[in-house]
Every structure is written in structure tokens, then in C-alpha cells.
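Report on the following structure.
Residue numbers begin at 1 in each chain, while the letters A, B, ... track the order of the sequences.
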Amino acid sequence: MPELPEIVCRAEEMARALPGRTIRGIEILQPKCLNVTPAAFTKALRGATVEAVSHRGKWIVTETNGGDLLINLGMGGEILLVPSRQLPAKWRVRFALAQGKDLVVNFWWFGYVHYVPSGAIDDHPMIATLGPDALDVTLPQFRSLLRSRRGAVKGFLLDQAKLAGIGNAYVHDILFRAGLHPLRTIPSLSSVEVRGLHRAIRVELRRSIEKGGAFYEVGLDGKPGGFTAEDLLVGYREGKPCPTCGAPVVKIKTGGTSSFLCLQCQPLL
DNA sequence: ATAAGTGTTGCGCA
DNA sequence: CTGCGCAACACTTA
């Protein structure tokens with residue numbers, strides 16, 4: 001479930017903690033999550049010193065003088081900075097740093113720990129196909145992204161190739177704030193609705209970033225984010241009253257995923 | 001105790 | 001090309 005707010009917070013934490021530190025050792029428990037052989041991965045990054053940490057959509061990008069480390073936590077997971085002697089029970093890849101500390105990566109189902117040489121990040125297939133970052137896109141850019149799209153607005157928001165960073169947890173409240181039913185089609189959106197949607201994306205994502213990201217994901221120190229279930233407007237609040245009109249929040253199936261919404265405030269027509 | 005639901009991404013299909 | 005359904009695995013809840 002890590003989406004843009006969690007990724008932004010994690011990247012900021014890592015950017016404070018890691019630059020200048022050298023990777024002394026690497027241990028890989030799940031080679032399947034790599035994009036290169038464990039030998040190539042280790043050869044490139046062992047001995048490398050971290051220079052900067054940033055993000056691209058839901059990917060955390062750690063630049064080192066030996067190349068870039070790309071992490072995607074998939075359906076959820078943690079990146080922890082812990083004493084080497086206190087490793088968590090479950091982890092997939094760990095990086096031993098100096099002073100007895102380890103950077104440990106885990107995820108529940110699947111995730112990616114990838115490597116690309118310095119300067120080659122745009123050759124990485126999953127990074128290269130990302131659309132503009134959901135928080136960086138301007139209103140005119142947003143309008144042009146929507147042009148010539150025909151499908152449902154929810155599908156558009158979740159498509160990382162069009163707009164990077166939004167997932168199925170934040171999309172509920174973004175659509176609620178914009179007053180849009182998830183199945184509204186792109187061509188049916190008025191100019192005012194598009195502007196409202198653009199604004200809703202920024203408001204909702206920033207609201208969570210300010211609180212350190214969602215409560216169900218933890219920081220490098222293992223502490224959960226401060227954006228709690230009470231901060232959600234309609235997401236995962238089936239049967240609870242809509243914060244605007246009091247009508248019960250409903251849960252519907254929208255293609256492969258569920259949607260939570262208020263039918264009064266987000267009419268289909 | 002068994003089964004269904006859950007998030008992300010890429011792939012195959014019409 | 002584009003939008004949709006599905007499969008990949010682990011873990012929680014009914």
C-alpha cells in the first residue's frame with residue numbers, strides 16, 4: 001500500500017540518514033526481487049557510497065557512486081535502519097553499513113530491489129514508462145494528459161504511465177474531494193471538475209505527507225506514519241456517514257478493485 | 001479451519 | 001494504442 005506520500009516520506013528520511021555512508025556488505029535472501037544476478041548486484045554496490053536519495057513515482061531512488069539502487073515496495077513493506085544485531089524477523093535484502101547499522105528491505109508479497117548504472121535510470125523499463133509525478137504536474141499539463149482519454153477517471157488516476165504516485169488507498173478520498181464517481185468517464189468531466197480533481201490530488205497527497213504518511217507503513221525507525229484511519233474521508237469507511245452530507249459511505253466493485261464513495265456527493269450522472 | 005479480500009505491476013486480449 | 005481482466009505471492013479477517 002505504499003503510495004506517493006509514504007514514498008516521499010521514506011525518501012526524505014533516507015536522504016537525511018544515508019548520504020556519505022558506504023555499503024560494506026550485501027545479503028540477498030530473495031534473488032527473485034532483483035533485476036540482475038545477485039553477483040552483479042553485489043559487485044556493483046558493495047563498497048559504493050550513497051550520494052543522494054529521491055523518488056520517481058512509487059520508486060525510491062538511492063544514487064551511489066557505484067550506480068543507482070531502485071526500490072519499489074509493491075503491495076507494502078518496510079525499509080528499516082537497524083543495528084546489525086537486531087535484524088527484523090523477515091527481510092529480503094540487507095545492506096550492511098558502517099557503525100554496525102543495516103539498511104533492511106522487506107515487503108509482504110513482492111517488490112523490487114533493482115540496480116541500474118549511474119546515469120542509466122531512464123533506461124530502466126519500469127521507470128521509463130512512468131508519467132509525471134502526481135505532485136509535480138501543473139494544471140495545464142494535467143488537462144493535456146486527460147485529452148483524448150476515454151475510460152473511467154479512477155482507471156486514469158491509478159495508471160502510473162499517465163500519472164505516477166496514486167494508488168488504490170488515496171484514490172477514494174481524492175475522488176470524494178473532487179466530487180467525482182470513480183466510474184465517471186474522462187470525456188464527461190467539465191473543465192471545472194478537472195480543475196477540482198487536480199486540486200484534490202495535491203490536497204490529499206500533501207495532507208498525508210505532512211503527517212508522515214499512512215499509519216500502516218513505518219519509517220526507517222519502525223514508527224508508523226501519522227496519517228490515521230480517522231484522517232480518511234470515505235476510504236475504507238463503509239457504512240460510516242459521509243463527512244459532507246451524512247449519507248452512508250458505500251463500497252462498490254470497480255473493475256478489479258473496490259471503491260469507497262458517497263453516492264450523494266459523487267453521483268454517476 | 002478454510003476461504004476470500006487486499007494492494008502494485010506487467011502482460012495478454014478485443 | 002488503449003482500456004480491461006488476470007496472475008504473481010503473504011497475511012489478515014469472516
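Taking atom NZ of residue A:Lys251 and atom P of nucleotide B:dG5, one finds them 8 Å apart after rounding to whole Å. Residue A:Lys154 contributes atom NZ, which lies 19 Å from atom C1' of C:dT2 at whole-angstrom precision. In this structure, CD of A:Gln160 is placed 9 Å from C1' of B:dT9, rounded to the nearest angstrom. Distance CE (A:Met126) to C1' (B:dC11): 12 Å, rounded to an integer number of Å. Taking atom CG of A:Leu130 as the reference point, atom P of B:dT8 lies 14 Å away to the nearest angstrom. Remark: C1' of B:dG7 and CD1 of A:Ile166 are 15 Å apart, rounded to the nearest angstrom. The CG atom of A:Leu73 sits 12 Å away from the P atom of B:dT8 (whole-angstrom rounding). The separation between A:Tyr216 atom OH and B:dT8 atom C1' is 12 Å, rounded to whole Å.
Using a 4.0 Å cut-off between charged side-chain N and carboxylate O, A:Arg184 and A:Glu193 make a salt bridge.
Summarising the geometry of A:Lys58 relative to A:Gly167, their closest heavy-atom pair is NZ-CA, 3.6 Å, with the distance given to 0.1 Å.
Under the side-chain contact (heavy atoms from CB on, under 4.5 Å) criterion, A:Pro267 pairs with no residue, sequence neighbours left out. Listed by chain and residue number, A:Glu204, A:Arg207, A:Leu232, A:Leu233, A:Val234 satisfy the side-chain contact (heavy atoms from CB on, under 4.5 Å) test with A:Asp173 (two or more places apart in sequence, or in another chain). Annotation: side-chain hydrogen bond (donor to acceptor under 3.5 Å, both in side chains) contacts of A:Glu230 (sequence neighbours excluded): A:Thr228. Remark: A:Arg237 engages no residue in a side-chain hydrogen bond (donor to acceptor under 3.5 Å, both in side chains) (not counting sequence neighbours). In terms of the ring-ring contact (aromatic ring centres under 6.0 Å, His included) criterion, residue partners of A:Phe260 (sequence neighbours excluded) are, by chain and number, A:His172, A:Tyr236. Take A:Tyr115 and apply the ring-ring contact (aromatic ring centres under 6.0 Å, His included) test, not counting sequence neighbours, and it matches no residue. Remark: A:Arg85 pairs with no residue by the side-chain contact (heavy atoms from CB on, under 4.5 Å) rule, at least two apart or across chains.
In this structure, A:Tyr236 reaches the B:dG7 phosphate: one of its side-chain N or O atoms is under 4.0 Å from OP1 or OP2. The phosphate of B:dT6 (OP1 or OP2) has a side-chain N or O of A:Ser258 nearer than 4.0 angstrom. A close approach under 4.0 Å does not occur between any side-chain nitrogen or oxygen of A:Asn168 and OP1 or OP2 of B:dT8.
When heavy atoms are screened at a 4.0 angstrom cut-off, A:Thr257 is found touching no nucleic acid atom at all.
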Protein heavy-atom contacts under 4.0 Å, written 5' to 3' over nucleotides 3-13 of chain C as B (base), S (sugar-phosphate only) or - (none), form the string S-S--BBBS--
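For the residue pair A:Lys253 and A:Ser259, no side-chain donor N or O sits within less than 3.5 Å of a side-chain acceptor on the partner.
A distance of about 22 Å separates the P atoms of B:dT9 and C:dT12, rounded to the whole Å. Nucleotides C:dA14 and B:dG7 have their P atoms positioned 14 Å apart, rounded to a whole Å. The separation of B:dA4 from C:dC6, taken at their P atoms, amounts to 15 Å, rounded to a whole angstrom.
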Using a 3.5 Å limit on both pairing distances, list the dot-bracket string of DNA chain C from the 5' end; Watson-Crick and G-U wobble pairs count, crossing pairs take [ ], interstrand pairs take |. .|||||||.|||||
